[in-house]
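Input: a single structure, listed below in structure tokens.
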Number of protein chains: 2
Amino acid sequence: MRPTVHDIAASAGVSLATVDRVLNRRPGVRAVTREKVEAAIETLGYVRDMAAANLAKSRVYPLVFIIPTGDNPFMRGLEAEIAVAGLRSPVDRTRLSVLTVPAFDSAALVEAIDRAVSDVPAGLAVVAVDAPEVAAAIARARSAGVPVVTLVSDLAASGRDHFVGIDNIAAGRTAGSLMGRFLGGRPGPVAVLAGSMLVRDHRERLQGFTAALSQDFEPRVILDVLEGQDDPMLAEELVAICCKAHSDLAGIYSLGAGNSGLVTAISAQGRPIRVIAHELTSHTRSALKAGLIDAVLHQDAGHEVRSAIRVLKAKADGVAVIEAQERIRIDIFLKDNLPLEQAGDVREPIGRDD
Amino acid sequence: MRPTVHDIAASAGVSLATVDRVLNRRPGVRAVTREKVEAAIETLGYVRDMAAANLAKSRVYPLVFIIPTGDNPFMRGLEAEIAVAGLRSPVDRTRLSVLTVPAFDSAALVEAIDRAVSDVPAGLAVVAVDAPEVAAAIARARSAGVPVVTLVSDLAASGRDHFVGIDNIAAGRTAGSLMGRFLGGRPGPVAVLAGSMLVRDHRERLQGFTAALSQDFEPRVILDVLEGQDDPMLAEELVAICCKAHSDLAGIYSLGAGNSGLVTAISAQGRPIRVIAHELTSHTRSALKAGLIDAVLHQDAGHEVRSAIRVLKAKADGVAVIEAQERIRIDIFLKDNLPLEQAGDVREPIGRDD
DNA sequence: CTGTTAGCGCATTCAC
DNA sequence: GTGAATGCGCTAACAG
């Protein structure tokens, strides 16, 4: 039987209230008494039963997610997954709320963070914009006692408690490696379609891609990055122009959003072009099936949301997280290992995690 | 505030004990009374707080895992992950035990299942052997009220509550698709190294591989399956013979264990052979880095163990599982997206195994 | 058949 | 500074 507060109270010769005070680091205990209790905790190997503690406290965890507005399908999928997780709130004692702010707008993000913190939530999950003022706002949140995780896009300089997302350099390297192998000996340049080089994860993906493709394979020209602003129309136009300019174009790596435009552009081409894209959506899924896209690298929004919730609760309670469980995987989808589309899928399918 | 038992007791005009009786489907309640209570539960939207219930019951979940003996590194990794999960037992109220039985020995497995069931555990996780008597034993367990999940290798005919593992047909298809693309136009036959065709997951992988490779690519000869019994020595020998017999061998798909032997054999070859294998171990990892293996398909044993525990607890409590969370992924590793080696990783003794 | 009561392990008033 | 008492939501004797 696990030791309880009663056991350590008896063992230390004090009352439950005193034990509770030292457990929760509250004042009103003499140093000697405290040490006696801590000794008892140590020798009995006491670990507090969080379930019972939460029951007694009627604890709920108000958690705030701050994500970009706009029609980026991945972000909307993320929002949908937050809503799904919200269905379980009564069970896991959370209360989830979502704040949306214009994408890439650090001022708006800072304001949202400060506003969220003023309600002293149990935790904050932020899709970070890579800017110093954002880092400062996150630091403020933390020093106000609010645990913060960055979501999808990291900002290590902020001192956030945890990053929930994939290793984007590794993702880029994987894309580069797949591209190199898929192309085999076939000549011709490779194009890269990004959203914006102002975004950290896009920069990292490009970096990894370039490194892997130039390191492990025969020399190949990587054309200047096409910045499609994650906008399907613009992406389509840029890709079409690029195809015209390079009649021997061998491959395209799309590392951001706006893939519906990309697909339209390449399906108009009569020649085979190897294409690797990010995020499984209804568009990339059907393009994959049709053979227009060869591989899709993916991060599971559902897993990310659940992971953020678990981590924030753990941080709020000051307990350790299961690292292995919180590692977000880079999923690689070919037409042959597509997960089934599920009834609950909003528009961005899948969901599986740990 | 969520409604509690008090609320429904008041609303139904009965006592707590009666509410508890209908909640737990215990006898001693008149049909009319029961219906009143159920109506109250329905209208108030009551959901029982499992944490509080478990606290009151001092509930623990004795869970039994039955896995093969032998030096199959994946199985040993699985066992290690069970031990890791056991560290958290005090926290999540489980008590894990492991029974090992000789691999592919259905009689031994049946006996182990029956023995485990006689202790009436809260749940049973079994690496199933594909045999009718095993299915019968699992069915017995379930009708004795013990929830059963199959682990890694399924046995749908048994009526198990859930399967914890990857979709092996999809895994095979993925391997076939990758093999086809990696080979490009290069001619030459492809070999398949399996453990045994008596095992269901191996059969399924082969089936998927053959289908994908012959369906989506130019015709290619797939040689007769080499059955290496998951034994490194035998695998090495078989592969060496195969290489000698087929000087134009283009690729090898290793869908079982015994990969250290495979690696030894192919590293002795002077010519490039595309290799796709299963399960990331120290051997496959270093072969991947060295370029001897091109891709590794992987299932995360840690995830599988945690998933089995979550599912069995849920089944024991009669509550729903988060399906998305319990789907086990097929991880695809290239040298570029290898996860960092961790303390808990599978480590095999040098020389004699996979 | 149904209700009362006393905990499960912990947190929190309120006295002393 | 410290302790006794009460309750969180639920279960389990034990009465009636």
Side-chain angles (χ1 to χ4, degrees), chain A residues 1-38 40-41 44-61 89-93 95 122 313 316-319, chain B residues 1-38 40-41 44-61 89-94 122 313 316-319:
Chain A
M1 215 53 176
R2 276 169 68 180
T4 75
V5 278
H6 290 91
D7 299 322
I8 63 179
S11 164
V14 298
S15 76
L16 293 187
T18 302
V19 172
D20 187 66
R21 288 189 185 95
V22 350
L23 274 179
N24 293 298
R25 304 168 172 13
R26 261 171 312 189
V29 185
R30 262 186 316 177
V32 256
T33 319
R34 164 174 313 255
E35 278 159 19
K36 266 196 308 185
V37 173
E38 279 166 349
I41 290 177
L44 294 193
Y46 170 82
V47 286
R48 155 233 251 100
D49 181 334
M50 282 311 278
N54 285 339
L55 174 60
K57 277 193 291 206
S58 309
R59 175 86 148 114
V60 294
Y61 301 80
S89 276
V91 175
D92 49 45
R93 308 185 103 89
R95 194 163 47 71
K313 286 176 71 174
D317 291 338
V319 304
Chain B
M1 214 55 175
R2 273 168 70 180
T4 75
V5 275
H6 289 91
D7 299 321
I8 62 178
S11 164
V14 297
S15 76
L16 292 187
T18 302
V19 172
D20 187 65
R21 287 189 186 97
V22 349
L23 275 179
N24 293 297
R25 304 168 169 22
R26 263 172 309 189
V29 185
R30 260 187 318 175
V32 254
T33 321
R34 165 174 313 258
E35 279 158 18
K36 265 196 308 186
V37 173
E38 279 166 348
I41 291 177
L44 295 193
Y46 170 83
V47 286
R48 80 122 91 35
D49 182 335
M50 281 310 281
N54 285 339
L55 174 61
K57 277 192 290 205
S58 310
R59 175 82 148 117
V60 293
Y61 301 80
S89 276
V91 175
D92 49 45
R93 308 185 102 91
T94 57
K313 286 176 72 175
D317 291 338
V319 305

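This is a predicted model, so every value here is computed, not measured. Throughout, protein chains are lettered first and strands after them, A, B, ... in sequence-line order, and every chain is numbered starting at 1.
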Answer yes or no: does a side-chain N or O of B:T4 lie under 4.0 Å from OP1 or OP2 of D:dC8?
no

Side-chain N or O of B:R59 less than 4.0 angstrom from OP1 or OP2 on D:dC10?
no

A:L23 and A:I41: side-chain contact (heavy atoms from CB on, under 4.5 Å), yes or no, with the steps?
CA-CA 9 Å; A:L23 274 179; A:I41 290 177; 3.9 Å; yes

For D:dT2, does either OP1 or OP2 sit under 4.0 Å from a side-chain N or O belonging to A:T33?
yes

Mind calculating the distance between CG (A:N54) and P (D:dG9) to the nearest angstrom?
13 Å

Whole-Å gap separating C1' (D:dG3) and NZ (A:K36)
13 Å

Between P of C:dT12 and CG of A:L55, the distance in whole Å:
12 Å

Can you tell if the side chain of A:D49 reaches within under 4.5 Å of the side chain of B:R93, non-hydrogen atoms only?
yes

Can you tell me which nucleotide in D:dC10, D:dT2, C:dG3 comes closest to the side chain of B:S15?
C:dG3

Between the CG atom in B:N54 and the NZ atom in B:K313, the distance rounded to the nearest 0.5 Å is 7.5 Å

Name the residue from B:D92, B:D317, B:T94 that meets the side chain to side chain donor-acceptor pair (under 3.5 Å) definition with B:Y61.
B:D317

Between D:dT11 (P) and B:H6 (NE2): distance, integer Å
12 Å

Any chance you could measure B:T4, atom OG1, to B:L16, atom CG, to the nearest 0.5 Å?
8.0 Å

Just wondering, more than 12 heavy atoms not from A:R95 lying within 6.0 Å of its CZ?
no

Could you tell me how far apart B:D49 (CG) and D:dG7 (C1') are, to the nearest whole angstrom?
14 Å

Between P of D:dA13 and NZ of B:K57, the distance in whole Å:
12 Å

Salt-bridged, A:D20 to A:R26, with N to O below 4.0 Å?
yes

How would you label the contact of A:A17 with the nucleic acid (heavy atoms, under 4.0 Å): base, sugar-phosphate, or nothing?
base

For DNA chain C, whose closest nucleotide is more 5', that of B:A56 or that of B:A31?
B:A31

Distance, rounded to the nearest Å, where B:R93 contributes CZ and D:dT11 contributes P
13 Å

Members of residues 18-30 of chain A that approach DNA chain D, where some heavy atom sits under 4.0 Å away:
A:T18, A:R21, A:G28, A:V29, A:R30

Could you state the atom-to-atom distance from CG of A:L16 to C1' of C:dC8 in whole Å?
13 Å

